[in-house]
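A quick write-up on the structure given underneath.
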Protein chains: 2
Amino acid sequence: MFHTECSARRLLDHVTSRWGIWVLLRLHERQPLRFYELRDRIGGISEKMLSQTLRNLVEDGLVWREVEPATPPKVAYGLTPLGGGLCAHLAAMLDWIEDNADNADRTGDQAPSEGALPSA
Amino acid sequence: MFHTECSARRLLDHVTSRWGIWVLLRLHERQPLRFYELRDRIGGISEKMLSQTLRNLVEDGLVWREVEPATPPKVAYGLTPLGGGLCAHLAAMLDWIEDNADNADRTGDQAPSEGALPSA
DNA sequence: CAGTATCCAAAATGATACTG
DNA sequence: CAGTATCATTTTGGATACTG
């Protein structure tokens with residue numbers, strides 16, 4: 001299923017792309033956000049990549065885009081219900097990673113029996 | 001936190017790398033698996049990438065590696081408890097994506113309220 | 001402001017051949 | 001079998017300049 005050229009696969013690719021996950025997470029924290037607000041909050045992202053990532057996410061139906069016709073233009077982005085649903089999973093996973101990552105990056109060693117210990 | 005050079009960040013990078021997610025998921029379906037078994041089940045992965053991906057995941061403590069000294073060598077891989085915990089999140093997210101992806105890849109249209117329906 | 005277009009650098013990936 | 005080494009290619013990412 002995920003080996004085909006289906007929308008599920010494309011969506012996964014976009015989410016796991018270099019910036020996709022961060023765009024989604026920033027919008028999950030706070031929305032709507034304007035283009036430059038996203039750029040500033042993410043930090044390190046080029047305009048090209050932000051633009052490209054946003055376009056992908058909008059196409060996938062995870063993010064909405066609203067243009068307020070004015071000069072200068074005002075464009076806002078936010079999460080669609082679909083994007084919100086995905087972010088729930090994403091945020092949960094990221095939280096879990098934060099909590100557990102250092103827990104075991106030794107080369108597969110057995111329990112160190114000292115140092116930072118789990119609940120036991 | 002995730003903007004630093006921490007183990008959480010490295011772990012995330014490895015998981016979201018081109019093949020990381022698939023290696024984990026195959027092992028989640030069935031373990032242990034030998035090197036060539038993983039290669040065959042994943043499909044399309046080169047030996048170089050499989051080797052590299054596995055090394056990363058082992059270093060991160062998500063996957064274990066066991067060598068049975070023999071000629072020819074037998075090497076088995078499986079998920080550590082940490083890897084299992086991550087795979088729970090991963091599998092849940094992937095399931096969700098499968099279920100919801102086609103649901104809305106129109107350019108941000110409102111609820112189609114018809115067409116391919118969920119469980120109904 | 002919110003992008004796009006272009007060009008360049010860097011990194012990821014792949015195919016192949018080789019080794020213990 | 002289970003990799004590693006090497007090289008070529010593809011993809012990705014970034015800096016910059018330009019436009020509506």
Side-chain angles (χ1 to χ4, degrees), chain A residues 2-3 5 9-24 26-27 30-60 63-78 107-108, chain B residues 2-3 5 9-24 26-27 30-60 63-78 107-108:
Chain A
F2 275 107
H3 289 127
E5 236 349 294
R9 179 52 198 258
R10 296 197 325 112
L11 196 153
L12 183 68
D13 283 346
H14 296 157
V15 172
T16 61
S17 72
R18 180 101 171 73
W19 299 107
I21 203 171
W22 302 115
V23 169
L24 290 170
R26 289 300 152 270
L27 289 174
R30 185 170 207 269
Q31 58 175 305
L33 288 176
R34 309 257 313 259
F35 188 84
Y36 75 93
E37 291 178 314
L38 271 166
R39 185 189 6 134
D40 291 350
R41 281 158 188 269
I42 292 174
I45 191 173
S46 66
E47 297 185 346
K48 173 185 167 185
M49 290 317 295
L50 178 54
S51 171
Q52 184 176 306
T53 303
L54 281 169
R55 214 178 318 130
N56 284 335
L57 297 177
V58 169
E59 275 173 23
D60 290 340
V63 169
W64 54 256
R65 175 180 188 269
E66 194 180 60
V67 185
E68 190 182 318
T71 22
K74 282 176 84 158
V75 182
Y77 294 92
T107 325
Chain B
F2 275 107
H3 289 127
E5 238 347 295
R9 178 55 198 255
R10 295 196 326 110
L11 196 153
L12 183 68
D13 283 345
H14 295 157
V15 172
T16 61
S17 72
R18 179 100 170 74
W19 299 107
I21 204 171
W22 303 116
V23 169
L24 290 171
R26 290 297 153 272
L27 288 174
R30 185 167 206 271
Q31 57 176 307
L33 288 176
R34 312 253 315 255
F35 188 83
Y36 74 93
E37 291 178 314
L38 270 167
R39 183 187 10 130
D40 292 348
R41 279 159 189 266
I42 293 175
I45 192 173
S46 66
E47 296 184 347
K48 174 185 169 185
M49 289 318 296
L50 178 55
S51 172
Q52 184 175 306
T53 302
L54 282 168
R55 215 178 316 129
N56 284 335
L57 297 177
V58 168
E59 275 173 24
D60 290 339
V63 168
W64 54 257
R65 175 177 188 271
E66 193 180 61
V67 185
E68 190 181 317
T71 22
K74 281 175 84 158
V75 182
Y77 294 91
T107 325

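So you know, we letter chains A, B, ... as the sequences are listed, proteins then strands, and number each from 1.
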Can you tell me if the side-chain N/O atoms of [X] get under 4.0 Å from OP1 or OP2 in [N]?
X: Arg55(A); N: dT4(C); value: yes
X: Ser46(B); N: dT13(C); value: no
X: Tyr77(A); N: dG3(C); value: yes
X: Arg34(B); N: dC1(D); value: no
X: Ser51(B); N: dT4(D); value: yes

Could you tell me whether a side-chain N or O of Ser51(B) sits under 3.5 Å from a main-chain N or O of Glu47(B), the two making a donor and an acceptor?
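Judged by distance alone, no pair lies under 3.5 Å.
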Distance in angstrom units between [X] [atom1] and [N] [atom2], rounded:
X: Leu50(A); N: dA15(D); atom1: CG; atom2: C1'; value: 16 Å
X: Arg65(B); N: dC1(D); atom1: CZ; atom2: P; value: 16 Å
X: Glu68(A); N: dG20(D); atom1: CD; atom2: C1'; value: 17 Å
X: Asn56(B); N: dT13(C); atom1: CG; atom2: C1'; value: 14 Å
X: Ile45(A); N: dA15(D); atom1: CD1; atom2: C1'; value: 14 Å
X: Leu38(A); N: dC1(C); atom1: CG; atom2: P; value: 14 Å
X: Ile42(A); N: dA2(C); atom1: CD1; atom2: P; value: 14 Å
X: Asp40(B); N: dA2(D); atom1: CG; atom2: P; value: 10 Å

Would you give the length of the straight line joining atom CD1 of Ile42(B) to atom OG1 of Thr53(B), rounded to the nearest 0.5 angstrom?
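Here the interatomic distance stands at 7.5 Å.
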Heavy-atom closest contact (Leu11(A) atom, Asp60(A) atom, distance)
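Closest heavy-atom pair between Leu11(A) and Asp60(A): CA-OD2, 3.7 Å.
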Any side-chain heavy atom of Thr16(B) sitting closer than 4.5 Å to one from Val15(A)?
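No; the side chains remain at least 4.5 Å from each other.
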Would you say that Val63(A) contacts Asn56(A) through its side chain, given a criterion of any heavy-atom pair below 4.5 Å between the two side chains?
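With C-beta onward as the side chain, the pair stays apart.
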What's the closest nucleotide to the [X] side chain, out of [options]?
X: Glu47(B); options: dG3(C), dA17(C), dG20(D); value: dA17(C)
X: Met49(B); options: dT13(C), dG20(C), dA17(C); value: dT13(C)
X: Trp19(A); options: dC1(C), dG13(D), dG3(C); value: dG13(D)

Looking at the base of dT13(C), is there any donor atom on it, or on the side chain of Lys48(B), that sits under 3.5 Å from an acceptor on the other one?
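Present.
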Upstream residue (5' side of DNA chain D) when Arg18(A) and Pro72(A) are each assigned their closest nucleotide:
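On the 5' side of the pair lies Arg18(A).
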On DNA chain C, check which nucleotide each of Gln52(B) and Glu37(A) is closest to and give me the residue with the more 5' one.
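Closest to the 5' end, via its nearest nucleotide, is Glu37(A).
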Does dA12(C) have a Watson-Crick or wobble partner in any strand here, with both distances under 3.5 angstrom, and which is it?
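The answer is dT9(D), by the H-bond criterion.
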